Protein chains: 2
Amino acid sequence: MTTIADVAKHAGLSRATVSRVINNYQYVTEEKKKLVRDAMNELGYYPNSSAQRLRNQKTNMIAILVPRLTNPFFTNIIEGIEKVAAENGLQLLICQTKSDKQKELNYFKLLKTKQVDGIILTAIENDWEKFSPFLDCGPIVLCNEYDEEATVPMIRLNQFEGSYIGTRHLIERGHRKIGYCGGGSMSGLSTDRKNGLKKALEDIGLTLNPDWIFLKRYSIEDGQKVMKEIAAMDDRPTAIFTGSDEVAAGVIKESKNSGIKVPEDLAVIGFDNQPIAEMIEPGLTTIEQPSEEIGEKAMETMVAVLNEQKFDTSLNGLSLELVVRDST
Amino acid sequence: MTTIADVAKHAGLSRATVSRVINNYQYVTEEKKKLVRDAMNELGYYPNSSAQRLRNQKTNMIAILVPRLTNPFFTNIIEGIEKVAAENGLQLLICQTKSDKQKELNYFKLLKTKQVDGIILTAIENDWEKFSPFLDCGPIVLCNEYDEEATVPMIRLNQFEGSYIGTRHLIERGHRKIGYCGGGSMSGLSTDRKNGLKKALEDIGLTLNPDWIFLKRYSIEDGQKVMKEIAAMDDRPTAIFTGSDEVAAGVIKESKNSGIKVPEDLAVIGFDNQPIAEMIEPGLTTIEQPSEEIGEKAMETMVAVLNEQKFDTSLNGLSLELVVRDST
DNA sequence: TCGATTTCTGAAAACGATTTCAATTGATTA
DNA sequence: TAATCAATTGAAATCGTTTTCAGAAATCGA
């Protein structure tokens with residue numbers, strides 16, 4: 001491997017000068033700059049990044065923790081994150097937690113071992129206190145997720161409002177027996193959604209039937225199971241509010257096997273507005289989240305924190321919108 | 001930050017001994033081991049990975065290049081890769097090329113700068129010769145892709161056969177006017193598929209109509225455009241063979257707007273057997289690829305190469321299977 | 001013309017780990 | 001008993017950069 005010393009020797013200069021050229025330090029004469037550049041080209045030199053990281057105490061690498069890559073919502077977030085990362089010369093280490101507490105926690109060791117400069121969390125599995133040993137190892141940013149205890153920047157949307165407008169929509173269509181199907185129980189996001197639904201019900205004097213609450217449902221298969229459970233009930237909801245389009249799609253798919261008609265027998269509303277919402281029949285009514293923008297904001301915040309700038313923690317301007325199709 | 005020197009001092013031993021404990025070198029007395037471990041725990045010590053990488057000249061990181069993360073086929077491959085990577089203590093750097101030549105090439109610099117030990121390619125955009133400067137910087141493994149020129153391990157399925165059996169299926173259903181819709185033109189995989197289709201046609205004395213060949217189509221939107229193009233033709237194919245379920249789904253979706261009935265007016269066959277194939281209506285007939293297994297094999301090969309073991313380059317035992325649904 | 005800046009460059013000291021080498025001890029063998 | 005060998009440890013070199021420090025050369029102002 002050719003090192004900076006080889007380049008220096010070949011150019012008849014010192015390692016220091018070569019380094020200065022690489023990092024465009026101002027006080028190097030054009031003449032020497034050219035000597036160095038020629039030497040680098042002739043030798044095909046590239047700086048060794050491990051050495052740079054060690055010396056600079058910086059990796060320019062950010063870990064991004066997602067539950068599953070197969071969920072387009074998260075890959076869209078990544079899309080946004082990646083865009084801003086590239087603009088700022090940062091690399092991304094994409095980590096799949098599979099919603100596993102231990103895996104999630106293990107990835108935090110990346111901070112301790114200095115493999116990454118910071119972490120963006122798109123979901124939370126563990127109690128927040130578990131993260132406390134890592135808080136001083138580098139910035140942590142929450143993206144599309146939040147925790148009451150957390151003292152870090154959070155980029156999030158008003159999920160409460162999202163499910164509120166979704167539920168209002170169902171109520172307007174005449175539904176009174178509305179079920180809820182969401183994600184993890186630790187998630188502030190999930191409870192917010194549940195509360196938005198509750199509020200919309202309470203507004204018209206109803207309460208959420210605990211039999212119709214399904215938690216920790218993430219995938220198409222989970223959705224299918226939910227549909228089976230509902231089909232088996234004596235007293236069924238007439239509408240179900242789900243935490244993701246995938247789960248909703250599973251519900252709709254299974255409804256065809258269970259002889260339950262959507263939306264006549266069961267209205268279904270999703271969350272995210274993924275491609276599948278448009279592809280499935282009947283088309284899925286859903287709450288659109290500007291996923292790419294959330295990712296961008298999260299990474300912008302990360303960059304700001306890394307540069308010790310101020311950042312904006314207010315509930316950001318991005319809004320959730322109801323997209324009405326045929327499932328309600 | 002606490003370093004190995006801090007641990008050494010705290011334990012009253014040398015850095016060398018601490019290092020030996022970390023790497024469980026055999027000749028350290030239990031007594032000192034305990035001293036070191038206690039010191040590490042008390043100080044909350046984690047080895048700095050940049051320093052380790054520099055010293056060991058090894059990163060334990062493998063880059064995996066995919067065109068797009070939003071395509072479930074590739075995330076499934078990643079799933080398989082990740083599984084084997086974890087078993088071997090390797091980290092994954094997931095890189096999105098967006099089918100961009102320059103981006104693809106840029107990621108190869110990861111090898112030059114020693115940010116990764118090796119690269120797994122799941123698609124090829126550039127001519128193979130472009131990669132030649134990187135071949136001696138670390139192992140490259142092709143996964144689900146190949147190139148005539150390439151001299152590196154390739155994990156691939158018999159795509160020729162895949163499209164052959166798919167086309168046979170169409171022919172059996174009475175189709176004679178069959179179109180082809182595939183990916184990049186550089187891709188050996190794509191040409192193989194086209195050739196499999198040609199062969200099946202030639203077997204019954206037909207040729208592939210060049211008007212019905214669509215290349216560089218990857219997404220749902222691309223599929224929709226293809227459908228529009230077909231709808232505008234005077235002489236339309238009665239069946240179309242697509243390179244991915246996403247494209248096929250786009251075709252089917254758009255057919256509903258164009259008043260063209262699938263499968264009556266146009267039979268559609270996909271590739272991959274992604275979740276969407278099952279969700280869309282009519283259900284998509286497709287060629288199932290064991291994507292996760294391909295990923296596993298690719299990573300196993302990478303591990304073998306890294307350990308300078310032999311590897312198996314034969315067309316591997318994984319087979320493509322026709323999944324018949326309602327679109328044909 | 002002389003002192004004070006400003007440019008420009010290189011030697012050497014970091015960064016934090018691992019490994020070689022040599023030294024020391026204790027056990028074993030001839 | 002002396003010689004050999006294995007077990008255990010630490011000092012120091014090394015991995016490839018960047019940066020500090022100091023010195024030399026060039027420029028500037030009075």
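Order of the sequence lines sets the chain letters (A, B, ...), proteins ahead of strands, with each chain counted from 1. For clarity, every value in this text was computed on a predicted model and none was experimentally measured.
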Quiz prompt | Protein-nucleotide distance (A:Y25, atom OH; C:dT6, atom P), rounded to Å | solution = 13 Å
Quiz prompt | For atom CD of A:Q26 and atom P of C:dC8, their distance in whole Å | solution = 9 Å
Exercise. Would you please say whether a donor-acceptor pair under 3.5 Å links the side chains of A:Q289 and A:Q159?
Key: yes
Practice problem: Do nucleotides 14-20 of chain D as a string where each nucleotide becomes B, S or -: B if the base has a protein heavy atom under 4.0 Å, S if just the sugar-phosphate does, - if no protein is that close. | Solution: BBBBBBB
Exercise. Write down the distance between CD (A:E30) and C1' (C:dT7), rounded to a whole number of angstrom.
Key: 14 Å
Self-check item: Nearest-Å distance for atom pair CG/P, residues B:L35 and D:dG10
Solution: 10 Å
Self-check item: salt bridge (Lys or Arg N to Asp or Glu O under 4.0 Å) contacts in which one or both residues fall within residues 61-88 of chain B, not counting sequence neighbours
Solution: A:K98-B:E79, B:R68-B:E246, B:K83-B:E296
Self-check item: side chain to side chain donor-acceptor pair (under 3.5 Å) assessment of A:R53 paired with B:Q115
Solution: CA-CA 10 Å; A:R53 289 181 183 192; B:Q115 283 197 72; 3.0 Å; yes
Self-check item: A:K32 side chain near C:dC8 phosphate (N/O to OP1/OP2, under 4.0 Å)
Solution: no
Exercise. Assess A:K109 against B:Y46: is NZ or CZ under 6.0 Å from the centre of the six-membered ring, and within 45 degrees of the ring's axis?
Key: no
Practice problem: Would you tell me whether B:E104 and B:N126 have side-chain atoms, one donor and one acceptor, within less than 3.5 Å of each other? | Solution: yes
Practice problem: State the CG-CD1 distance between B:N144 and B:I120, to the nearest 0.5 angstrom. | Solution: 12.0 Å
Exercise. Please state how far atom CD in A:E31 lies from atom P in D:dA25, giving the value in whole angstrom units.
Key: 15 Å
Quiz prompt | A:Q115 CD - C:dA17 P separation (whole Å) | solution = 13 Å
Quiz item: Within this structure, what is the CG-to-P distance between B:N24 and D:dT8, rounded to whole angstrom?
Solution: 15 Å
Practice problem: Please determine if a side-chain N or O atom of A:Y27 lies less than 4.0 Å away from the OP1 or OP2 oxygen of C:dT7. | Solution: yes
